[in-house]
Number of protein chains: 2
Amino acid sequence: MATSRTDPLTLEVVELIGTVVARYYEEYEQAAAQHSLTGAQARVLGLLSLDPLPMRRIAQKLKCEPSNITGIVDRLEARGLVERRPDPDDRRVKLAVPTDEGQDTARRLRESLDFAREPLGELTEVERTLLRDLLRRMLGEDTP
Amino acid sequence: MATSRTDPLTLEVVELIGTVVARYYEEYEQAAAQHSLTGAQARVLGLLSLDPLPMRRIAQKLKCEPSNITGIVDRLEARGLVERRPDPDDRRVKLAVPTDEGQDTARRLRESLDFAREPLGELTEVERTLLRDLLRRMLGEDTP
DNA sequence: TATTGTTATACTCTATAACTATA
DNA sequence: TATAGTTATAGAGTATAACAATA
């Protein structure tokens, strides 16, 4: 069991991570805005571009209330980026599916996320591998 | 000059960083909510607890419009966590200063940010040093 | 009866523009 | 005139509670 640490090294790493978070988040919003999307709309569209989902599942993924998703998908649908399709197996369920244009917007959005890739260019391949392994361990993922 | 990379290693690191960002952000909101604060209120209070600032400077730090700060500080002031003080040197300026209770709330908020420290407990000191240096280089900070 | 999605409501954050009081 | 802070307004995200359709 890990105990919380307050040594200067740990605190500096925490602060550095905070800086990464702030920069990443801010630039994600900017990238979304370049496509006239809010951050929430971009996150939902990006999610659906990987896999169409029922409204309720979107809320679970985004960790918010299902009622919020109604409005976000409404606005994406009004823009022609997403459409609701009835689920033949359960008529209560509506699947949110990206249109072709929505799929294209999601792809361009992903490509414009250079901000996240670009700073990694400062690192050598060995360093990126090291960083990957450290982040994996930090996040407690299985590292075979 | 760094060029954007799309190799699998880089993409995995980008995704890992995205996961860190999502987890950090989400848990920051939760920590704020435990003190009945919104994320924005917690960020402003945390900022002021380090150094009282004029309204305009807060907006610059948070990268938002000054008019938004009025409302956020209004709500912090209504809760007795912050007060506005006139700047004797320039009577147009109002300094936002944490009250004793605000200072105390900011401290407890910082302490409850275990989420950011705890996963680092998985790493040895050597690994944390390594991570620190990699993040520093990534962020382009001066590393003497 | 339980679940899915929606609606209604209230609050907060956000940007924009106009206003006030100082400088 | 220029700047600091505020007000007014409108749009978006959020949680809560109540509702209709379906299971």
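The chains referred to below are lettered A, B, ... by the order of the sequence lines, with proteins before strands, and numbering in each begins at 1. Any value given below was found using the heavy atoms of this structure, including those in side chains, with hydrogens, waters and symmetry copies removed. Everything numeric in this text was worked out from a predicted model, so none of it was measured.
Backbone-only contact: Arg84(A) has heavy atoms under 4.0 Å from sugar-phosphate atoms and none from a base.
Here dT14(D) is the nucleotide among dT14(D), dT12(C), dT6(C) with the atom lying nearest to any side-chain atom of Ile72(A). Of the candidate nucleotides dT6(C), dA12(D), dT14(D), dA12(D) has the atom nearest to the side chain of Gln41(A). Across dT16(D), dG5(D), dA23(C), the shortest atom-to-atom separation from the side chain of Arg91(B) is found for dA23(C). Residue Met55(A) places its side chain closer to dT6(C) than to any other of dT6(C), dG5(D), dT12(C). The Arg56(B) side chain lies nearest to dG5(D) when the options are dT22(D), dG5(D), dA12(D). The side chain of Arg92(A) lies closest to dT4(C), out of dT4(C), dA17(C), dA4(D). Proximity note for Lys94(B) (side chain, C-beta onward) versus dT22(D), dG5(D), dC13(C): the nearest is dG5(D). The Thr70(B) side chain lies nearest to dT7(D) when the options are dA15(D), dT7(D), dA15(C).
Between Glu83(B) and Arg85(B), at least one side-chain N (NZ, or NE/NH1/NH2) sits under 4.0 Å from a carboxylate O, which counts as a salt bridge.
Between the CD atom of Glu29(A) and the P atom of dA12(D) there is a distance of 14 Å, given to the nearest Å. Taking atom CD1 of residue Ile58(A) and atom P of nucleotide dT14(D), one finds them 13 Å apart after rounding to whole Å. Whole-Å rounding puts the Asn68(A) CG to dA10(C) C1' distance at 13 Å. Rounded to a whole Å, the CD1 atom of Ile69(A) is 10 Å from the P atom of dG13(D). Separating the CD atom of Glu65(B) from the C1' atom of dT7(D) is a distance of 15 Å, rounded to the nearest angstrom. Summarising the geometry, the separation between OH on Tyr25(A) and C1' on dC13(C) is reported as 12 Å, rounded to the nearest angstrom. Put simply, CZ on Arg57(B) is 11 Å from P on dG5(D), counting in whole angstrom units. Computed from coordinates, the Gln60(B) CD to dT14(C) P distance equals 16 Å when rounded to whole Å.
Criterion: ILVMFWY side-chain heavy atoms under 4.5 Å apart, direct or through other members. Under it, Val97(B) and Ile72(B) are not part of a common hydrophobic cluster. Residues Val14(B) and Leu134(A) share a hydrophobic cluster, clusters being chains of Ile/Leu/Val/Met/Phe/Trp/Tyr side chains in contact below 4.5 Å.
The shortest distance between side-chain heavy atoms of Leu123(B) and Leu130(B) does not fall below 4.5 Å.
Where Asp89(A) and Val93(B) each meet DNA chain D at their nearest nucleotide, the meeting point lying more 5' is that of Val93(B).
Smallest separation of non-hydrogen atoms from Pro98(A) and Leu48(A): CG-O, 3.4 Å.
At the phosphate of dG5(C), neither OP1 nor OP2 sits under 4.0 Å from any side-chain N or O atom of Ser67(A).
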